[in-house]
Amino acid sequence: MTISFPLPPTLSSLRNYVDGEFVSTDKHFDNISPLHGKVLAQVHEADAALVDRAVQAARKALTGPWGQTSVDERAKMLHHVADVIERRFDEFVAAEVADTGRPVHQARKLDVFRAITNFRTFADLGKSAHGDFFETRTADGDNLMNYTVRKPLGVVASISPWNLPILSMTWKAGPALICGNTMVVKPSEETPSSATLLAEAFHEAGVPPGVFNLVHGFGPGSAGEALTKHPGVDAITFTGESRTGSAIMKVAADDVKEVSFELGGKNAAIVFADCDFDAAVEGVVRSSFTNTGQVCLCSERVYVERPIFDRFVQAMKSRTGKLKIGYPDEPDVDMGSLISHKHRDKVLSYYKLALEEGATIVTGGGVPKFGDEARRGCFHPTHHLDRPARRPLRARRGVRPGLPHRSVRYGGGGRAPRQRLGLRPGRDDLDDQSVARTAWRASSTPASCGSTPGICATCARRSVAPSCQASAGREGAIRSTSTPRPPTSA
């Protein structure tokens, strides 16, 4: 079986969009399909000079027509952009699927639909973002009027990831533009198609030149580095790996630029014996294999309380065995391709490492054998049983250790299974109190209930005492020592 997702004619050559014009360059790179490894289009790479031109155009628009528009007028324009995306809905789906290998029904129901909703939602929210007003009185009895005036930050540089390209880019562009900012965006080099279509949507909607600019390229030594270092950029929003985020923050610090980051994570799911078992299984499957595991919110480790460990492993085996892998347009496909063969090889290296470390494979693993070379980009959902945990949970990000556990590792597009993120050496048969002692550094702050070891399950405060009456009998309790932070939003 073969498949083809014909892209719109304008996407056979992906150009930059600067100051209201589509710009070609002499330097190109290939946009390669993750499904079959063939070249989809030639992408025109922006150099530092073109990035400078884009930033200058954004600054000009900031003080020009866009800077003179009211919130209501900006909202109407963003609604026009959403209308264009809706009218060209199938083209956006085709572009998204061609670049990512994502199942069509997911691209339709989430990615492109969300892109439309992002513009409409933020456009309407912007109209209700009013400033504060209140009166105060001086010592002489005079009344003073106090009020706030909201002003745009300026030129926003936006660098978007490859895993949810159109969703992420519009999630950043919507709030930035409704607040009166102008933008220079750089999509991932892996997924340039839908970003180019988005530039066409801005052009077709009649948004003034320079408000939305698009530059294609890579990071170091290319458009990404030139954009983040440009002195004309006032703020940077970036979604991607932590190493790149660290480099951007260092650059941004020189000019004290505003930054908004959503960086990669390695998340753990913790399953206790008194959980809603079926809901826990479904939740872990969903959080593990959504978008082939290529989401920063995906769970990549599972810690299961011993009484239900074997049952949970068998349930996961049964449930993951029902996940359907295939071409994006096949019915009921759960998982498509990984983003690239390079990324697939990286995932396979982690799979090999897990075997070398003594993991027992329960189901899946490796490249699926469909008898069709075009499917080689796909990766079977891997669910393997790790050794009994000899490393208790380390207290990190507000989670306290619970009962001794065993761990399950799994993943479709997951990251390396052995990274020092949340684990520390220890013994497998530790009791709850000794785990707490190895996990927490001693604190001189007494618990509000007057108790002393690790954490009090009632007041959630650290202390130095060896026991806590309030938490007696509450084995495996999880308490946070701080208010959880909301999900990062661009």
Side-chain angles (χ1 to χ4, degrees), residues 16-19 45-63 66-67 118-119 122 126 150-192 194-195 198-199 202 210-265 296 485-490:
N16 304 277
Y17 182 68
V18 176
D19 202 12
E45 183 178 353
D47 58 13
L50 187 57
V51 170
D52 176 68
R53 180 179 161 189
V55 174
Q56 297 302 331
R59 296 216 69 83
K60 181 180 177 181
L62 191 66
T63 57
W66 190 250
N118 280 340
F119 281 126
F122 288 117
R150 296 183 182 272
K151 294 183 178 181
L153 284 171
V155 176
V156 177
S158 173
I159 301 177
S160 300
W162 48 256
N163 56 348
L164 298 168
I166 192 64
L167 188 159
S168 297
M169 182 167 287
T170 55
W171 194 15
K172 297 172 183 291
L177 294 175
I178 191 60
C179 292
N181 300 286
T182 56
M183 301 191 75
V184 181
V185 304
K186 191 202 85 67
S188 168
E189 63 274 12
E190 302 279 7
T191 53
S194 57
L198 184 60
F202 273 89
V211 172
F212 181 89
N213 303 272
L214 167 70
V215 291
H216 290 295
F218 301 86
S222 186
E225 181 177 7
L227 182 57
T228 55
K229 286 185 175 181
H230 199 291
V233 169
D234 300 294
I236 304 171
T237 170
F238 168 76
T239 300
E241 66 172 351
S242 300
R243 182 173 55 183
T244 304
S246 176
I248 292 175
M249 179 171 281
K250 291 175 183 177
V251 171
D254 292 338
D255 296 324
V256 198
K257 293 182 172 72
E258 295 277 351
V259 293
S260 172
F261 290 157
E262 184 181 4
L263 306 180
C296 58
R485 296 178 61 184
T488 303
S489 172

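Side chains are part of it too, since the values below use all heavy atoms of this structure and drop only hydrogens, waters and symmetry mates.
Contact check for Phe218 versus Glu225: no side-chain heavy atoms found under the 4.5 Å cut-off. For the pair Ser168/Pro161, a side-chain contact is recorded, criterion being any heavy-atom separation below 4.5 Å from C-beta on. Contact of the Thr237 side chain with the Val259 side chain is not registered, since no non-hydrogen atoms from C-beta on lie closer than 4.5 Å.
Between Leu214 and Ala199, the shortest heavy-atom distance links the atoms CD2-CB, 4.0 Å. Gly245 approaches Leu263 most closely through the heavy-atom pair CA-CD2, 4.0 Å. Across all their heavy atoms, Gly210 and Ala61 have their closest contact at C-CB, 3.7 Å. Closest non-hydrogen pair, Ala54 versus Val215, comes out as CB-CG1, 4.1 Å. Closest approach of Leu153 to Ala235, counting heavy atoms only: CD1-CB, 4.0 Å. Contact between Glu45 and Ser222 at its shortest, heavy atoms only, is OE2-OG, 2.6 Å.
For the pair Asn213 (side chain) and Met183 (backbone), a donor-acceptor distance under 3.5 Å is present. Judged by distance alone, with hydrogens and angles left aside, the side-chain atoms of Ser188 form a donor-acceptor pair with the main-chain N or O of Glu190 at under 3.5 Å. Side-chain atoms of Thr170 come within 3.5 Å of backbone atoms of Leu167 as a donor-acceptor pair (strictly under, hydrogens ignored). Counting only distance, with no hydrogens or angles, the side chain of Lys186 and the backbone of Leu227 share no donor-acceptor pair below 3.5 Å.
Classified by interplanar angle (parallel below 30°, tilted 30° to 60°, perpendicular above 60°), the ring pair Phe212/Tyr17 is tilted.
To the nearest 0.5 Å, atom NZ of residue Lys257 and atom CE of residue Met249 are 13.0 Å apart. Note that SG of Cys296 is 4.0 Å distant from CD of Glu262, once rounded to the nearest 0.5 Å. Interatomic distance, CG of Leu177 versus CZ of Phe122, reported as 11.0 Å (0.5 Å rounding). Distance check, rounded to the nearest 0.5 Å: CE of Met169 to CD1 of Ile159 gives 10.0 Å. We find the OG-CD distance between Ser246 and Glu241 to be 10.5 Å, quoted to the nearest 0.5 Å. Atom OG1 of Thr244 is separated from atom CZ of Phe261 by 10.0 Å, given to the nearest 0.5 angstrom.
Considering Val184, Thr182, Asp234 as possible partners of Arg59, the one that fulfils the side-chain contact (heavy atoms from CB on, under 4.5 Å) test is Asp234. Screening Ile236, Asn181, Val185 for a side-chain contact (heavy atoms from CB on, under 4.5 Å) with Ser158, the sole residue that qualifies is Val185.
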For this session: For side-chain hydrogen bond (donor to acceptor under 3.5 Å, both in side chains), just list the numbers for Lys172 and Thr239, CA-CA rounded to whole Å, side-chain angles, deciding distance to a tenth of an Å, and then say yes or no.
Result: CA-CA 10 Å; Lys172 297 172 183 291; Thr239 300; 2.9 Å; yes
Exercise. Going through the distances and angles, do Val233 and Thr228 end up as a side-chain contact (heavy atoms from CB on, under 4.5 Å)?
Worked result: CA-CA 7 Å; Val233 169; Thr228 55; over 6 Å; no
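Of the charged side-chain nitrogens involved, none lies within less than 4.0 Å of a carboxylate oxygen, so that Asp47 and Arg53 do not count as a salt-bridged pair.
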